[in-house]
2 protein chains.
Amino acid sequence: MTEGQSPPDTALPTLEDVASRSGVSTATVSRCLNSPDRVSEETRKRVMAAVRDLGYAPNFGARTLAGKRTNTFGAIIPTMENAIFARGLQAFQEELHAHGVTLLVASSSYKPSVEEEQIRALVARGADALLLIGHDRTPESYAFLAKRQIPHLIAWAYDPALDRMSIGFDNRQAMKALALEVIDLGHRTIGFITAARDGNDRARGRYEGLCDAMRSRGLDPESLAIRETTYGIARGGEAFAELMALTPRPTAVVCGNDVLAVGAVKRAQQMGLRVPQDVSITGFDDIDIAEIVSPALTTVHVPHREMGRRAARALLDMRNGAGRGPNICLDATLKRRESLGPVPVA
Amino acid sequence: MTEGQSPPDTALPTLEDVASRSGVSTATVSRCLNSPDRVSEETRKRVMAAVRDLGYAPNFGARTLAGKRTNTFGAIIPTMENAIFARGLQAFQEELHAHGVTLLVASSSYKPSVEEEQIRALVARGADALLLIGHDRTPESYAFLAKRQIPHLIAWAYDPALDRMSIGFDNRQAMKALALEVIDLGHRTIGFITAARDGNDRARGRYEGLCDAMRSRGLDPESLAIRETTYGIARGGEAFAELMALTPRPTAVVCGNDVLAVGAVKRAQQMGLRVPQDVSITGFDDIDIAEIVSPALTTVHVPHREMGRRAARALLDMRNGAGRGPNICLDATLKRRESLGPVPVA
DNA sequence: TTGTAGGCGTTATCAG
DNA sequence: CTGATAACGCCTACAA
C-alpha cells in the first residue's frame with residue numbers, strides 16, 4: 001500500500017521509507033544506523049545508499065521517545081552579548097563536541113522566569129544535562145531540576161556557604177582583594193558602578209566583597225556611592241558622570257565589570273579627567289577590552305575558558321553516572337594595570 | 001496495575017500519571033495544557049494542581065511526534081566568541097521570544113562538516129526554521145534543507161549574484177568603498193590581514209572588494225601583501241609585525257575585521273609606530289572595541305542588531321507560510337575615525 | 001465537557 | 001543476520 005516510488009516531497013522520509021526502498025525491514029535499517037557491525041556488509045551498503053538518496057535523517061523525538069540517550073546538553077546563559085559567557089561557552093562547546101555531544105544554548109535575558117521556561121524547554125527537548133549560570137533562580141527551577149534528576153552544574157559562581165554542584169570562582173573574595181588594593185592606595189571616597197544585583201548573585205557577591213574590604217579597613221560601607229545600571233559601555237559612562245557630580249567627589253570608582261569600567265574611563269577622558277592621576281577606575285573579568293583601553297584596566301582576571309572546559313568534563317562525568325558533581329573554586333587573580341593609582345594629593 | 005501512588009522518583013511523570021492522579025483521562029489533561037478553554041474550570045484546577053505536584057513537563061519528543069509545531073527555531077553560528085554574532089543573535093532571540101518561540105543555538109567552529117551535523121541535529125530536534133551564517137556550506141547541507149523544506153535564512157551576507165533567501169549586507173561592496181578611501185588618501189603599498197577565506201564567503205567578499213578597489217584605481221591586486229590568520233587580537237598583532245618587516249613596507253594595513261585591526265594598532269604602538277602618521281590601519285564591523293582603542297578605528301559599520309531583528313521577523317513569516325523568504329541587502333556604512341590618514345610624505 | 005483509540009517514528013526484544 | 005512487534009508519551013478525531 002505504502003509502496004510509493006518515492007515519498008511525496010511534502011513528507012519527510014522515515015525509517016520505513018528507507019526500509020521499503022532498500023527491501024529490508026525497519027529493524028535492519030535501525031541497526032545499520034546504530035550498530036553497523038551487527039549487519040552484513042552488503043545490506044548495509046544498500047541501506048546507506050537509500051538513506052542518502054532519500055535524505056533521510058532520524059527523527060530525534062521518536063528516537064528519544066524510544067528511550068535512548070540524546071547526547072545533547074543544554075546551557076542557559078543570561079545573554080549572548082556578554083563576552084565573558086561567550087568565551088567560556090565556546091570552550092564548553094568545543095569540549096562537548098570532542099565527546100560527541102551537541103550543545104544547545106538558550107538565553108534568559110537575566111530573567112529568572114524566562115530561565116525557568118528555558119530549563120523546561122531544554123529538558124523537554126531531551127537535554128541530558130544542563131549548565132546554568134549563578135545561584136539565583138526560582139525555587140520552582142530548583143525543584144524541577146531535583147524532581148527530574150537532571151545532572152546540572154552551576155558556573156561562574158562559587159559560594160562557600162552553598163552546598164551545590166558548581167564550578168566557578170568566589171566573586172566576593174576576589175572583589176574584596178581588589179578593593180583592599182584600592183583602599184590601601186589611600187582612597188577613602190569611593191564610587192561603585194554595578195549591574196542590577198537583584199537576581200544576580202555574581203553582582204551581589206562583588207558588591208559584598210567591596211563592603212567587606214571597606215569594613216576591614218574601618219570604612220563605613222554606607223558611605224559608598226552606588227550607581228546600579230544596565231550592561232553596556234555607554235551605561236558605564238553615564239553612571240560615572242553622575243558619580244563625578246557628587247560632593248565629595250570619589251577619588252576611585254570601582255566597577256562591577258570591565259564593560260562598565262571601560263565606559264567610565266572613556267567618559268573620564270571626555271570630561272578632561274586623567275586616569276588614574278585625577279580618578280582611579282577598576283574593572284572585573286579581564287576581557288579583551290580591559291587591555292585595549294588606555295590606560296589599561298586594573299581588574300580581576302577570571303579563567304573563563306578553563307571554567308568552560310572543566311564544566312564540560314564534570315557534566316560529562318555526571319551524565320555518565322559519576323554521581324554527585326563537584327563544587328570547585330577556581331582562582332580569580334588580581335590584574336594590576338594602569339587605571340588604578342594612589343589617591344591624588346589634594 | 002500502574003496505579004502506583006506516586007511515580008517512583010526515578011521515572012518522569014507522564015500525561016498518564018497526571019491523569020490518574022487527578023481522576024480524568026489523558027485526553028483531558030492534554031486539553032488542559034493546550035486549549036484550557038475547552039475544559040471546565042473545575043477539572044482544570046484539579047489537573048493543574050496535579051501537574052504542579054508531580055513536576056510534570058510534557059515530553060517534547062512525544063509532542064512533536066504526535067505532530068505539532070514546535071515553536072523552536074535554530075541558529076548555527078561559526079563561534080559564540082565573535083561579538084558580531086553575539087550581538088545580532090541576542091536581538092534575534094529577543095524578537096523570537098516576544099513571539100513565543102524558543103531559540104536554540106549551536107556553533108560550527110567555522111567547519112562546514114560540523115555545520116552540516118548541527119543542521120541535522122537541530123532539524124531532528126524539531127526546529128521549525130533555521131538561521132544560518134553566510135553562503136558557504138556543503139552541497140549536502142543545501143540538499144538536506146531543500147529536501148526537508150526547512151524555512152531558512154542566511155544572515156551576515158548578501159550576494160547579488162546569488163538567488164537565496166538572505167538578509168545581510170554586501171561585504172564586497174562595503175570593503176571596496178573603504179579601500180577606495182584608503183587608496184585615494186595616497187596609499188599604494190597596502191597590506192591585508194584576513195581571516196581564513198576558505199569556507200568563509202564574508203572574508204572572501206571583503207578580499208575581493210579590496211581587489212576591486214585596487215583595480216579601479218589602476219593598482220595591481222597582485223601587489224597586495226596578504227596575511228591570513230585565525231581570529232584573535234594577538235593574531236592580528238603578529239600578522240601586522242610580519243607585514244611591517246616587508247620591503248617596501250606597507251603604508252596602510254587593511255584588516256578583515258576589527259579584532260585583527262585592534263591587534264595591529266596595539267602592535268604598531270609597541271613597535272613605536274604612530275597610527276596613522278607612520279602607518280594607517282582599518283577595520284571592519286564596528287564593534288565596541290573599534291571605538292575603545294586609540295586611535296579609534298576607521299571601519300565599516302554593520303547593523304548587527306537590526307539584522308538579527310529583521311531576520312527573526314522574516315523567518316517567523318516564512319514559518320507561518322509566507323512563502324519564499326526575502327533577499328535583503330542592508331546598508332553597511334563607512335565609519336571614518338582616526339586610524340586612517342594620508343600616506344606619510346617620504 | 002469528557003473519554004476511547006489510533007498513530008506519530010524509533011528502538012529493543014524475541015523469534016526465526 | 002534479519003524480521004515481526006511491542007513499547008515510548010502525546011495529540012486528536014470521533015463518540016458518548
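FYI, side chains are in, hydrogens and waters are out, and symmetry mates aren't considered; it's all heavy atoms of this structure. Because the structure is a prediction, the values reported are computed rather than measured. Here is how names work: the chains are called A, B, and so on, in the same order as the sequence lines, proteins then strands, and each is numbered from 1.
Nearest heavy atoms, B:L89 versus A:M80: CD2-SD, 3.9 Å.
Electrostatic pairing of A:E117 and A:R120 does not count as a salt bridge here, judged by no charged N lying under 4.0 Å from a carboxylate O. With respect to the salt-bridge test (charged N to carboxylate O, under 4.0 angstrom), the residues B:D163 and B:R324 qualify. Ionic pairing of B:R310 and B:E306 is present here: one or more N-O contacts between side-chain nitrogen and carboxylate oxygen are shorter than 4.0 angstrom. Ion pairing of A:E95 with A:R305 is absent here, as no side-chain N (NZ or NE/NH1/NH2) approaches a carboxylate O to less than 4.0 Å.
Looking only at atom types and distance, the side chain of B:T138 has a donor-acceptor partner in the side chain of B:E116 under 3.5 Å away. When only modelled atom types and interatomic distance are considered, A:T79 and B:Q90 share a side-chain donor-acceptor pair under 3.5 Å.
In this entry the distance linking CG of A:L33 with C1' of C:dG9 reads 13 Å, nearest Å. The CG-P distance, from B:N71 to D:dC10, rounds to 17 Å in whole Å. Protein atom CG of B:L65 is 5 Å distant from nucleotide atom C1' of C:dG9, rounded to whole Å. The nearest whole Å value for the distance from the CG atom in B:N59 to the P atom in C:dC8 is 18 Å. Here C:dG9 presents its P atom at 8 Å from CG of A:D17, a figure rounded to the nearest Å. One can place CD of B:E16 at 9 Å from P of D:dC8, the figure rounded to the nearest angstrom. To the nearest angstrom, C1' of C:dC8 lies 13 Å from CG of A:L15.
At least one test fails for B:R137 against the ring of B:F144: distance under 6.0 Å to the centre or angle within 45° of the axis.
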Mind listing the N/O atom pairs, protein and nucleotides 2-6 of chain C, below 3.5 Å?
residue: C:dT2; atom: OP1; partner: B:S40; partner atom: OG; Å: 3.3
residue: C:dT2; atom: OP1; partner: B:T43; partner atom: OG1; Å: 3.1
residue: C:dT2; atom: OP2; partner: B:S40; partner atom: N; Å: 3.1
residue: C:dT2; atom: OP2; partner: B:T43; partner atom: OG1; Å: 3.2
residue: C:dG3; atom: OP2; partner: B:S25; partner atom: N; Å: 2.9
residue: C:dG3; atom: OP2; partner: B:S25; partner atom: OG; Å: 3.2
residue: C:dG3; atom: OP2; partner: B:T28; partner atom: OG1; Å: 2.6
residue: C:dG3; atom: N7; partner: B:R31; partner atom: NH2; Å: 3.0
residue: C:dG3; atom: O6; partner: B:R31; partner atom: NH2; Å: 2.5

Would you list the atom pairs, donor with acceptor, under 3.5 Å between side chains in residues 48-62 of chain B and any protein atom, with sequence neighbours excluded?
residue: B:D53; atom: OD2; partner: B:R21; partner atom: NH1; Å: 3.0
residue: B:N59; atom: OD1; partner: B:G61; partner atom: N; Å: 2.8
residue: B:N59; atom: OD1; partner: B:A62; partner atom: N; Å: 2.9

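At the phosphate of D:dC11, OP1 or OP2 sits under 4.0 Å from a side-chain N or O atom of B:N34.
When the local axes at the two ends of the helix from C:dT1-D:dA16 to C:dG16-D:dC1 are compared, using 5 base pairs at each end, they differ in direction by 30° after rounding to 10°.
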